[in-house]
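Proteins get letters first, then strands, A, B, ... in listed order; numbering begins at 1 in each.
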Amino acid sequence: MPGSIKINSFSKSYGDILAVNNISLAIDPGELVGLIGPDGAGKTTTMRTLCTLLVPDAGEVLVDGRDVRTNVAAIRAMLGYMPQRFSLYPDLTVAQNLNFFADLFGVPPAEKAERLQTLYQFSKLEPFRKRLAGALSGGMKQKLALSCTLIHTPRTLILDEPTTGVDPVSRREFWNILRQLRDEGVTILVSTPYMEEADLCDRVAFMYQGRILAVDKPAQLVHRFPYKLYEVSGSDLQSLRAYLEDETDALSVQIFGDRLHVSYGPESALIAPAGAESVQQIEPSIEDVFLYLMQTSA
Amino acid sequence: MKFAPSNQPYDTGNFAVFTKNLEKQFGSFTAVKHVNLAVEQGEIFGFLGANGAGKTTAIRMLCGLLLPTSGSGTVAGFDVWRESEKIKQNIGYMSQKFSLYNDLTLAENVEFYGGVYGLNRKTIKEKRHELLDSLGLTASAGRLTRDMPLGYKQRLALGCALLHNPKIIFLDEPTAGVDPEARRNFWELIHELADKGKTVFVTTHYMDEAEYCNRVSIMYQGEIVALGSPQSLRHEYKKASMADVFIKLVDK
Ligand SMILES: Nc1ncnc2c1ncn2[C@@H]1O[C@H](COP(=O)(O)OP(=O)(O)OP(=O)(O)O)[C@@H](O)[C@H]1O
Ligand SMILES: [Mg+2]
């Protein structure tokens, strides 16, 4: 199973805090799986264990068919990992950082040149090749860290919130790269706080308080949302929201950018309130499911 | 946006933030180019832009932490060149990189910031109770900040930046990495602040949050390339969402 991930009944505690509570998850070679959930859900602990940086308390964690307890060196050699806080060398330039990581991973020169081009296109960092990493903006640093991680092609990639602080244009291009790697057979586990990115994964696992509450294809996951959902727009969303919350049977009213998402049980329906410019029944998004799962699991 | 004709004196004092051709160079590189802004009091102003566009650099100039290379500006009526100390007393600032000390407890962080803002012991104690209580964190006051979920940390950091009751608050990516529910909670706080008349100057890379601002500007390579209410920008660029507006302006 080149690059596959298999987690069986895995648990991990820090002192008396149970960070991961008996989770199981199997990821096929060449699959792109998103890990979502609130902060503190256990996502980073799971990822660090896959990378052999933490030892499981219980259960079995396999990468590429090998046990993370006993195959530390072999797993590290085939795995790419980008932690939430990746350290660049602040007093090396952008290009020097990239070269350093390319050499570290033993990337052949021809492959390196090709990969650099792809990565510069995503990161827009080429004009800043000679700038010290320490003088980059927050998002530019994040993009350089990502580029250093992707300079080689590991069989398995573990990315912990790689796009935090990255602007929407670069995020889109980064996800194109990820999907391309996936198509080349790389197994990818990626956590993200952006729900529209979860939508781009083959499957999504939702983690909460150390457990995996749901794992499915994005299109299936949204079926977990059990209510009728309406999208309401209008110029005064705050008043509309107050009205819908106080005066109707709405089960939840959430702001989504310039609209509201309002849910109702099977017995009720939404009649367009005064001040609403449009009302339509819609399919739930991953973000609706996320909010629903969080509120019903708490 | 309101611009004063350049040959007439203008009353900058009514604006929370006012800049005219504000610029910053690092060596031969111009990070912020002739930025003109007039942010109203009580406004939620979204300061959007590509990575490296110059947002943090501009905010640091507005917060009295970095001198401009040229141009002028006032914040809360104080001059960015000459009155940086006055500015610091009248604004709150949550930086992009760092907000709270992870090695201190929640209570210690509040006390630390109270000290930074020169509040007396009694006030600090009162504010500490008030703030931790309002966030439902009283029971966790003695916990290390490191062990708290990010959403809580960011709300506490906002509270710390408000301890001295500033009129204007600068938030540099306050919700970066924060999950959808915690982001909604954070924005509830922002709206409460604006309702109380405070000016909120905020950056974000979440385009749904752009919709929660009264007006936004979009910055690219040091320049402001668009400015207006989210509705007017969507209309002007004929796009369904701010994400599409952003991509149109920045994807070059
Ligand atoms: N001390 C410095 N020396 C040289 N260049 C600098 C310095 N500080 C910032 N810059 C450059 O100024 C530009 C603007 O950076 P800034 O941090 O203001 O961007 P930003 O808009 O906040 O981006 P992000 O969305 O990534 O946070 C970048 O190209 C950055 O590398
Ligand atoms: Mg910045």
Colleague: Using non-hydrogen atoms and a 4.5 Å limit, figure out which bit of A/Met294 sits close to chain B: side chain, backbone, both or neither.
Modeller: side chain
Colleague: Examine whether an atom of A/Phe256 lies under 4.5 Å from a heavy atom of chain B, and if so say whether it belongs to the side chain, the backbone or both; otherwise answer neither.
Modeller: both
Colleague: Here's one to test your reading of the geometry: is the NZ or CZ of B/Arg155 within 45 degrees of the ring axis of B/Tyr152 and under 6.0 Å from its centre?
Modeller: yes
Colleague: As a quick check of understanding, evaluate side chain to side chain contact (heavy atoms under 4.5 Å, CB included) for B/Phe47 and B/Ile59, giving each step before the final call.
Modeller: CA-CA 9 Å; B/Phe47 198 53; B/Ile59 287 180; 4.2 Å; yes
Colleague: Could you look at B/Glu173 and say if it's the side chain, the backbone, both or neither that has a heavy atom under 4.5 Å from chain A?
Modeller: side chain
Colleague: Side chain, backbone, both or neither: which part of B/Pro180 has a heavy atom under 4.5 Å from chain A?
Modeller: both
Colleague: I'd like to know if A/Lys143 and A/Glu173 make a salt bridge, using a cut-off of under 4.0 Å between side-chain N and carboxylate O.
Modeller: no
Colleague: Using non-hydrogen atoms only, which part of B/Met148 is less than 4.5 Å away from chain A: side chain, backbone, both, or neither?
Modeller: backbone
Colleague: Pick one of side chain, backbone, both or neither for B/Ala182, based on which atoms fall under 4.5 Å of a heavy atom in chain A.
Modeller: neither
Colleague: Could you look at A/Tyr14 and say if it's the side chain, the backbone, both or neither that has a heavy atom under 4.5 Å from chain B?
Modeller: neither
Colleague: So does A/Asp39 pair up with B/Lys153, basic N to acidic O under 4.0 Å?
Modeller: no
Colleague: Is it the case that atom CD in B/Gln231 sees more than 12 heavy atoms from other parts of the structure closer than 6.0 Å?
Modeller: yes
